[in-house]
Amino acid sequence: MPELPEVEITRRGLAAHLPGRMVSDVIVRDRRLRLPVTADLAGKLIGDSLIGIDRRGKYLLLRFGRGSLLAHLGMSGNLRVLPADAPARKHDHIDILFGKLALRYSDPRRFGLMLWLQGDGSDHPLLAALGVEPLGDAFSADWLFQATRGRRCAIKLLLMDSHVVVGIGNIYASESLFRAGIRPRTAACRLTRAQCARLVPAVCDTLTDALAAGGSTLRDFHSAEGQSGCFQQQYFVYDRAGTACRVCDSPIRGLRLGQRSTYYCPRCQK
DNA sequence: CCACGCTCCTGCGCGC
DNA sequence: TGCGCGCAGGAGCGTG
């Protein structure tokens with residue numbers, strides 16, 4: 001499930017192979033994503049060259065001369081570079097062909113997006129309302145303290161609110177709160193300055209560790225399987241209910257928060 | 001503005 | 001072995 005690190009790894013993989021290449025063909029096998037794939041995507045793209053690839057939260061922006069292609073991987077999506085003649089399999093919904101190479105979008109659950117935007121797309125509603133980047137300078141302890149004032153929701157839900165801070169999904173929200181020693185149900189407005197000062201680096205460390213772990217296993221984007229790095233083995237709490245805390249041996253607890261599975265250590269997190 | 005629940009979709013794991 | 005159920009999750013949207 002792609003969260004910010006996976007999306008950034010994807011960005012780097014694509015950026016290593018595709019910029020400077022011109023689109024020769026576009027094949028859309030299934031337009032039914034979270035929103036329908038832009039009509040006549042081929043007409044928008046063919047003949048244009050890819051300039052570069054940006055990331056905003058979990059969105060990827062493929063920059064072409066005539067506009068931007070906005071991609072979101074949803075829950076189960078992935079973008080890979082393959083030989084153009086690699087046979088398509090089930091759930092391979094879109095191919096953007098760059099001569100001998102294909103950029104292929106696969107997404108079994110079809111929660112993703114593939115939209116053509118005019119210009120740089122920054123005024124598009126999906127992008128305009130996004131919060132701060134957790135690996136950027138704006139994400140600071142002071143900023144988090146201010147952002148949590150007046151917010152009575154659980155801190156885990158606030159961390160996952162992309163209008164506040166982007167890119168933190170269900171897994172890394174639990175992991176970050178463990179590293180910060182803060183219980184996921186704590187009301188956001190009750191976080192102290194000291195807790196904010198722990199949570200900000202905890203989020204950054206969680207994301208950068210995941211990035212490092214995944215980056216090392218996903219270096220070759222020509223390989224068929226662009227999946228799962230090895231960060232999974234490093235989870236402190238996620239999906240570990242009933243098993244021993246890696247730090248203090250207490251049993252990890254699981255609960256539901258905002259319809260989402262949530263995990264924490266009752267001893268390490270207060 | 002804020003909080004919260006619903007929704008989209010498919011694959012998988014579990015219980016019977 | 002097979003069937004059906006519930007869960008997993010990002011994020012927009014509707015409701016109160």
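Note that these values count all heavy atoms, side chains included, but never hydrogens, waters or copies made by symmetry. Chain letters run A, B, ... following the sequence lines, proteins first and then strands; every chain starts at 1.
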According to the interplanar angle, ranging from 0 to 90°, do the rings of Trp116(A) and Phe64(A) count as parallel (below 30°), tilted (30 to 60°) or perpendicular (above 60°)?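 Because their plane-to-plane angle lies in the 30° to 60° range, the rings of Trp116(A) and Phe64(A) count as tilted.
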Classify the ring geometry between Tyr172(A) and Tyr235(A) as parallel (under 30°), tilted (30 to 60°) or perpendicular (over 60°).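 Perpendicular: the ring planes of Tyr172(A) and Tyr235(A) meet at over 60°.
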Rounding to an integer number of Å, can you tell me how far [X] [atom1] sits from [N] [atom2]?
| X | N | atom1 | atom2 | value |
| --- | --- | --- | --- | --- |
| Leu158(A) | dC1(B) | CG | C1' | 14 Å |
| Ile171(A) | dA11(C) | CD1 | C1' | 16 Å |
| Asp161(A) | dG10(C) | CG | P | 13 Å |
| Arg256(A) | dC4(B) | CZ | C1' | 14 Å |
| His163(A) | dC4(B) | NE2 | C1' | 15 Å |
| Leu33(A) | dG10(C) | CG | P | 17 Å |
| Leu159(A) | dA11(C) | CG | P | 14 Å |
| Leu35(A) | dG12(C) | CG | P | 10 Å |

For the backbone of [Y] and the side chain of [X], can you confirm whether one donor and one acceptor N or O come within less than 3.5 Å of each other?
| X | Y | answer |
| --- | --- | --- |
| Gln269(A) | Gly181(A) | no |
| Arg253(A) | Tyr264(A) | no |
| Ser76(A) | Gly74(A) | no |
| Arg152(A) | Ala187(A) | no |

Would you name the heavy atoms of Phe145(A) and Leu191(A) that are closest together and state the gap between them? CE1-O, 3.7 Å
Atom pairs, N/O to N/O, protein against nucleotides 3-5 of chain C, distance under 3.5 Å?
none

At under 4.0 Å, does any side-chain N or O of Tyr59(A) touch on OP1 or OP2 of dG12(C)?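 Checking dG12(C) against Tyr59(A), a side-chain N or O does come within under 4.0 Å of OP1 or OP2.
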Can you confirm whether the side chains of Thr243(A) and Arg240(A) place a donor and an acceptor under 3.5 Å from each other?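 Side chains of Thr243(A) and Arg240(A): pair found under 3.5 Å.
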Under a 4.0 Å threshold between the charged nitrogen and the carboxylate oxygen, would Asp95(A) count as salt-bridged to Arg29(A)? yes
What's the closest nucleotide to the side chain of Arg151(A) if the choices are dA3(B), dA11(C), dG12(C)?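 Selected nucleotide (nearest to the side chain): dA3(B).
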Once you round to the nearest 0.5 Å, how far does OG of Ser261(A) lie from CD1 of Ile171(A)? 8.5 Å
Which one of Leu60(A), Ile94(A), Val7(A) satisfies the side-chain contact (heavy atoms from CB on, under 4.5 Å) criterion with Leu79(A)? Leu60(A)
Residues of residues 112-131 of chain A with any non-hydrogen atom less than 4.0 angstrom from an atom of DNA chain B: list those, numerically ordered, please.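 Under 4.0 Å from DNA chain B: no residue of residues 112-131 of chain A.
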Counting only Watson-Crick or G-U wobble pairs whose two distances fall under 3.5 Å, which nucleotide matches dT7(B)? dA11(C)
One character per nucleotide, please: for nucleotides 5-12 of chain B, 5' to 3', B when the base has a protein heavy atom closer than 4.0 Å, S when only the sugar-phosphate does, - otherwise. SS-BBBS-
